[in-house]
Visitor: 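Take a look at this one; I'll ask things after.
Every chain is numbered from 1 and lettered A, B, ... according to where its sequence line falls, protein lines coming before strand lines.
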Amino acid sequence: AQTVTQSQPEMSVQEAETVTLSCTYDTSESDYYLFWYKQPPSRQMILVIRQEAYKQQNATENRFSVNFQKAAKSFSLKISDSQLGDAAMYFCAYRRGRQGGSEKLVFGKGTKLTVNP
Amino acid sequence: DAGVTQSPTHLIKTRGQQVTLRCSPKSGHDTVSWYQQALGQGPQFIFQYYEEEERQRGNFPDRFSGHQFPNYSSELNVNALLLGDSALYLCASSLGLALAKNIQYFGAGTRLSVL
């Protein structure tokens, strides 16, 4: 069974600084996707960024980027120029690729990010 | 474009009762997945519906059941509620089973408290 581990229950960052959230996963599959979701106090999960395992290039979305190390099964999220609105729970998630986009997501336990003004 | 909507927002039940939670998928989506998120934990997959059939199921007892209607909306039913069923229940919708690049969009959830 696939597992996702987030070893940092809480992180904090000063506004405008950079922070990196860690995630490791375990799988025997070769075709899979990795995601970072953000869950603010409003509770709605919002997709931050997605990485296809077959792509060597790290995904970027504006201030958000990932460091995908496939051999090490590591998938960290870097948030640059942190803003107060970035404060939320961040979840790393894994999905097998071969069943398509509706395959179930496997989540880590999350990291609570605090942004200090 | 309406996103994923869930009702009710909050619900309080007592042990042994039954509950029904509802989900309307994002416009154009035909697949609905349900997740349980206990306090301080990540979401756990309960089951998924496509073409009005349960297609995948996580490690949850038969007390958890569901249904999908012809308009793609879905219900999650939990019978014989236990204290441990207290959680945030999230619904996610997506399009089709085989489109690898599709992603799941989440609703804001239903907070269930079992007393």
Side-chain angles (χ1 to χ4, degrees), chain A residues 1-10 21-25 29-55 59 61 75 88-112, chain B residues 3-6 9-10 23 25-26 28-51 53-60 68 72 74 87-112:
Chain A
Q2 297 83 18
T3 59
V4 176
T5 302
Q6 293 180 248
S7 59
Q8 305 155 315
E10 296 188 25
L21 309 184
S22 301
C23 172
T24 59
Y25 60 94
E29 304 276 344
S30 59
D31 180 17
Y32 55 88
Y33 290 72
L34 295 166
F35 305 84
W36 280 98
Y37 276 90
K38 168 185 177 182
Q39 188 178 41
S42 66
R43 307 183 322 199
Q44 186 165 16
M45 287 279 193
I46 302 165
L47 179 66
V48 175
I49 200 165
R50 172 180 62 182
Q51 175 78 43
E52 292 97 323
Y54 64 86
K55 288 188 176 179
E61 287 288 342
F75 182 61
M89 286 292 293
Y90 285 81
F91 291 94
C92 178
Y94 165 99
R95 192 198 83 204
R96 290 191 309 181
R98 54 193 166 104
Q99 292 295 330
S102 296
E103 178 71 15
K104 69 177 183 181
L105 293 166
V106 178
F107 287 89
K109 290 187 176 182
T111 297
K112 181 180 180 181
Chain B
V4 180
T5 58
Q6 293 187 243
T9 305
H10 294 93
C23 172
K26 181 178 170 64
H29 284 182
D30 57 9
T31 304
V32 173
S33 301
W34 287 92
Y35 293 83
Q36 181 196 65
Q37 185 178 14
L39 194 62
Q41 302 293 318
Q44 285 196 303
F45 176 76
I46 303 174
F47 46 52
Q48 178 186 88
Y49 279 84
Y50 173 72
E51 292 186 337
E53 289 188 10
E54 184 182 291
R55 298 289 178 162
Q56 298 181 64
R57 189 178 183 92
N59 189 25
F60 279 80
Q68 186 179 35
Y72 308 121
S74 176
L88 178 67
Y89 289 84
L90 295 168
C91 170
S93 75
S94 52
L95 177 61
L97 292 181
L99 300 176
K101 288 186 180 248
N102 284 347
I103 63 173
Q104 295 181 33
Y105 292 83
F106 284 82
T110 294
R111 172 74 66 191
L112 173 64

Visitor: Within the distance-only criterion (no hydrogens, no angle test), does the side chain of B:Ser93 pair as donor or acceptor with the backbone N or O of B:Val4 below 3.5 angstrom?
Guide: no
Visitor: If you count heavy-atom pairs under 4.5 Å with chain A, which of B:Gly42, B:Gly107, B:Pro43 comes out on top?
Guide: B:Pro43
Visitor: Identify, with sequence neighbours excluded, every residue that meets side-chain hydrogen bond (donor to acceptor under 3.5 Å, both in side chains) alongside B:Gln6.
Guide: none
Visitor: Can you name the residues that form a salt bridge (charged side-chain N to carboxylate O under 4.0 Å, His left out) with A:Glu61, not counting sequence neighbours?
Guide: none
Visitor: What part of A:Leu47 gets closer than 4.5 Å to chain B, counting heavy atoms only: side chain, backbone, both or neither?
Guide: side chain
Visitor: Would the number of heavy atoms belonging to other residues, nucleotides or ligands and lying under 6.0 Å from CZ of B:Phe47 be above 12?
Guide: yes
Visitor: Between B:Thr110 and chain A, which part of the residue has a heavy atom less than 4.5 Å away: side chain, backbone, both or neither?
Guide: backbone
Visitor: Chain A heavy atoms under 4.5 Å from B:Tyr105: which part of the residue, side chain, backbone, both or neither?
Guide: neither
Visitor: Can you tell me which portion of A:Gln6 sits under 4.5 Å from chain B's heavy atoms? Options are side chain, backbone, both or neither.
Guide: neither
Visitor: Tell me, yes or no, whether the heavy-atom count around B:Gln44 atom CD, taken from other residues, nucleotides or ligands under 6.0 Å, exceeds 12.
Guide: no
